[in-house]
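Some notes on the structure that comes next.
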Amino acid sequence: MKAKNNNVNFAEDVVAEVKADFANRQKMRRPYELAWQLNMNFVMGNQYCVASAQGAIEQEEKYYFWQEKQVFNHIAPIVETRLARLNRVRPRPIVRPFTNSDADVNAAKLTSKILRYVTDKTQLSQAIGRATNWSEVCGTAFYKVSWDSQAGDVGLSVCSPFEIYPDSNVTETLDDCTSVIHAKVYPAEAIRDIWGIDVAGTSVKVFGLDGNATIGGLGYSSATVSVTQEEKQNQALVIERYTKPTRDLPFGRLEIVAGDKLVYFGDMPYVLGDDGLRAYPFIRQTSHEQAGCFWGTSIVERVIPIQRAYNAVKNRKHEFLNRLSMGVLTVENGSVDTDSLEEEGLSPGKILVYRQGAEKPALMDNGRIPADFADEEDKLLSEFVSVSGVSEFARNSHTPQTVTSGVALQLIAEQDDIRVACSIDSIREAIRKISKMFLRLYKQFVSSQKLIRIADDSGKAEVFYFTSGDVSGDDIVFETENEFTDTPATRRTMLFDLLNAGILTDKEGKLSQSSKAKILTIMGFGNWDNAQDVSQLHIARAETENLDINRAEVLQIDDHLLHAEEHTRYVLSCADKLDISVRDKIVAHIQKHKQYFKENG
């Protein structure tokens with residue numbers, strides 16, 4: 001409910017208390033923010049920066065004009081390789097039926113279709129990609145599930161770690177937090193459109209990109225992108241504080257403050273928890289968990305010291321090469337015009353005039369590049385692999401020169417998969433929780449019939465209505481356990497092995513029409529030809545007749561054996577739940593199909 005105007009003092013007290021709480025959480029979380037900014041800078045290539053004691057990211061300047069300050073970025077390809085592997089993790093959530101009866105199975109199928117519709121509508125796959133990018137760089141990302149009352153449907157957004165403020169940084173999960181703040185900057189016009197109130201826009205500091213960080217070497221310099229704070233005009237901060245349900249607050253509490261105004265004060269609006277309880281509308285995703293910490297850790301944090309050392313070795317090596325190639329000239333004091341020599345250098349064909357009787361200018365012997373440079377460079381490259389878990393095989397897309405065995409290459413690929421297992425598990429758990437929240441919101445808000453449209457695996461569109469009563473449950477499972485090993489190619493290979501072994505055929509070694517249709521659907525050829533389309537239609541018609549046997553009739557065009565098989569399966573699976581009269585009617589219907597087939601073939 002909206003804040004009441006007749007209690008101005010109460011609203012002002014709530015606004016002041018929420019803002020004070022938010023400021024305290026900002027202060028507690030500042031060290032983590034600096035680490036995230038540093039990670040983002042290193043991924044973008046701004047690798048000559050440090051987190052100062054004053055709580056800001058400061059740039060490192062050159063000590064000498066000739067100093068090499070180049071960036072040899074190995075962090076970016078490591079992150080890109082991990083993201084490429086993690087973006088393959090897109091398990092399809094389905095609803096598991098409560099029992100194996102046809103009634104529960106059909107209800108679970110309908111709910112799974114609803115789930116497929118909402119995951120497509122909210123573009124869940126793209127949201128996972130954005131969140132994974134945040135979690136891989138900063139260690140943590142969040143999803144926010146909401147209900148759009150105007151559109152009458154669910155909404156999904158990705159929240160960066162900079163927007164979420166727990167009441168304690170040492171709680172390990174969202175459920176352990178007593179309260180959570182979601183703070184985000186909106187334009188004043190957007191606040192008026194969303195909440196219907198006018199707030200005064202001010203200048204607000206936000207994170208942005210800047211190109212002032214300089215890199216380069218002797219005689220040249222260039223700019224690279226850096227993550228800094230910038231000011232945006234006509235903006236206002238919106239603070240949403242969610243308090244977990246307690247004995248005194250059975251429905252929890254939500255307070256929304258926009259600028260200096262209290263927008264909302266009341267119960268948490270969404271029933272998203274187990275057993276019909278109110279819960280936070282957020283889902284947390286991490287790259288790697290930290291024991292005793294709310295925030296996950298990123299691979300970037302671990303490889304930053306190696307990246308600094310690698311840049312130092314390469315730059316010192318190039319400075320040594322500069323001395324070897326350009327030379328260091330030694331001259332006797334007063335023997336030559338040093339100003340001219342400094343400006344022009346030793347160009348080819350230059351006439352070098354020196355004072356008679358003085359020592360002739362000569363190039364200093366700088367020796368050769370020590371082998372320690374190459375050794376240290378190789379050691380650091382191997383440390384990149386061992387610390388990040390991304391092998392050269394995965395990052396460089398070519399096999400190591402020392403590895404020629406196919407078994408060894410398979411082991412390397414499996415080790416790469418193992419090193420990203422924690423991130424994969426976090427993504428899969430986030431998808432499972434998001435799917436549950438989607439269904440629970442539909443259960444809560446869809447009171448009248450809602451029309452949805454989906455496409456099945458064969459590409460055929462299907463349109464149907466549903467209400468909250470059709471959402472049978474939220475026991476979410478995945479069709480695959482491991483997307484890296486359970487690919488369409490491996491599924492087809494396994495299916496061919498089962499066919500060759502005769503497991504899917506009957507005693508005469510033949511496949512029924514329904515089995516053929518299901519096999520082609522699994523292989524992705526459910527719409528391969530018209531004959532299989534007809535088989536699918538017969539199966540769908542038989543399933544519909546099972547649910548309303550009183551209206552079922554035997555038509556001349558029916559595939560009688562296929563219909564009889566589907567009806568028989570339904571009776572056997574629901575024998576203990578079917579009414580005797582309904583069961584007898586279905587049995588009689590089966591006999592009609594068999595009799596028609598016997599008479600007409």
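All values reported here derive from a predicted model rather than from experimental measurement.
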- Item | From CA spacing to verdict: side-chain contact (heavy atoms from CB on, under 4.5 Å), Cys422, Asp425 | CA-CA 5 Å; Cys422 293; Asp425 291 342; 5.8 Å; no
Backbone of [Y] reached by a side-chain donor or acceptor of [X] within 3.5 Å:
X      : Y      : value
Ser52  : Ala56  : yes
Lys244 : Tyr280 : no
Ser426 : Ser423 : no
Gln307 : His74  : yes
Arg253 : Gly266 : no
Ser112 : Val95  : yes
Asp267 : Phe251 : no
Ser468 : Val446 : yes
Asn46  : Phe42  : no
Asn39  : Val137 : yes

Any side-chain donor paired with an acceptor under 3.5 Å for [X] and [Y]?
X      : Y      : answer
Arg29  : Tyr165 : yes
Arg25  : Ser179 : yes
Thr111 : Ser472 : yes

Least distance between heavy atoms, [X] atom then [Y] atom:
X      : Y      : answer
Arg302 : Val387 : CB-CG1, 3.6 Å
Ala291 : Glu172 : C-OE2, 3.9 Å
Gly201 : Asn234 : CA-OD1, 3.4 Å
Ala131 : Ala141 : O-CB, 3.2 Å
Leu34  : Ala51  : CB-CB, 4.3 Å
Lys144 : Cys159 : CB-SG, 3.9 Å

Between [atom1] on residue [X] and [atom2] on residue [Y], distance to nearest 0.5 Å:
X      : Y      : atom1 : atom2 : value
Gln290 : Thr297 : CD    : OG1   : 4.5 Å
Ile239 : Glu255 : CD1   : CD    : 10.5 Å
Phe10  : Leu262 : CZ    : CG    : 7.0 Å
Lys109 : Ile114 : NZ    : CD1   : 14.5 Å
Ser135 : Leu86  : OG    : CG    : 7.5 Å
Ile424 : Arg85  : CD1   : CZ    : 8.0 Å

Considering the options [options], which one meets the side-chain contact (heavy atoms from CB on, under 4.5 Å) requirement together with [X]?
X      : options                : value
Val271 : Lys443, Gln444, Arg440 : Gln444
His288 : Thr140, Val420, Ile299 : Ile299
Ile476 : Ile94, Leu439, Ile431  : Leu439

- Would you please test Lys184 and Val238 for side-chain contact (heavy atoms from CB on, under 4.5 Å) and show each step? CA-CA 5 Å; Lys184 188 175 180 179; Val238 176; 5.6 Å; no
- Task: Starting from the C-alpha separation in whole Å, work towards a yes-or-no answer on side-chain hydrogen bond (donor to acceptor under 3.5 Å, both in side chains) for Thr132 and Gln285.
- Result: CA-CA 8 Å; Thr132 304; Gln285 177 181 310; 3.2 Å; yes
- Do other residues, nucleotides or ligands put more than 12 heavy atoms under 6.0 Å from Asp260 CG? no
- Query: Charged N to carboxylate O below 4.0 Å: is that the case for Arg432 and Glu429?
  - Reply: yes
- Message: One thing to verify: whether Lys261 and Glu12 come together as a salt bridge, which I'm taking to mean a side-chain N less than 4.0 angstrom from a carboxylate O.
- Response: no
Would you say that [X] contacts [Y] through its side chain, given a criterion of any heavy-atom pair below 4.5 Å between the two side chains?
X      : Y      : result
Leu272 : Pro281 : yes
Ile256 : Phe265 : no
Glu240 : Ile181 : no
Phe438 : Tyr117 : no
Phe478 : Arg428 : yes
Ser287 : Arg82  : yes
Cys49  : Leu38  : yes
Ile434 : Leu124 : yes

- Query: In terms of ring plane angle, is the pair Tyr442 and Trp147 parallel, tilted or perpendicular, where the classes change at 30° and 60°?
  - Reply: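 Rings of Tyr442 and Trp147: perpendicular, over 60°.
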- Query: Can you say whether the rings of Trp295 and Trp36 are parallel (under 30°), tilted (30 to 60°) or perpendicular (over 60°)?
  - Reply: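 Perpendicular.
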- Message: Applying side-chain contact (heavy atoms from CB on, under 4.5 Å) to Asp153 and Asp148, what does each step give before you reach the verdict?
- Response: CA-CA 6 Å; Asp153 216 326; Asp148 188 346; 5.7 Å; no
- Decide side-chain hydrogen bond (donor to acceptor under 3.5 Å, both in side chains) for Tyr48 and Asn41; before the verdict, give the C-alpha distance in whole Å, the side-chain angles of both, and the deciding distance to 0.1 Å. CA-CA 9 Å; Tyr48 291 96; Asn41 276 292; over 6 Å; no
- Task: Let me see the working for Trp195 and Tyr264 under side-chain contact (heavy atoms from CB on, under 4.5 Å), right down to the final yes or no.
- Result: CA-CA 9 Å; Trp195 288 283; Tyr264 180 93; over 6 Å; no
- Query: With a 6.0 Å cut-off on ring centres, are Phe282 and Tyr143 close enough?
  - Reply: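 Judged by ring-centre distance (under 6.0 Å), Phe282 and Tyr143 do not meet the cut-off.
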- Item | Asn311/Gln70 under side-chain hydrogen bond (donor to acceptor under 3.5 Å, both in side chains): CA gap, chis, key distance, verdict | CA-CA 7 Å; Asn311 287 339; Gln70 278 286 23; over 6 Å; no
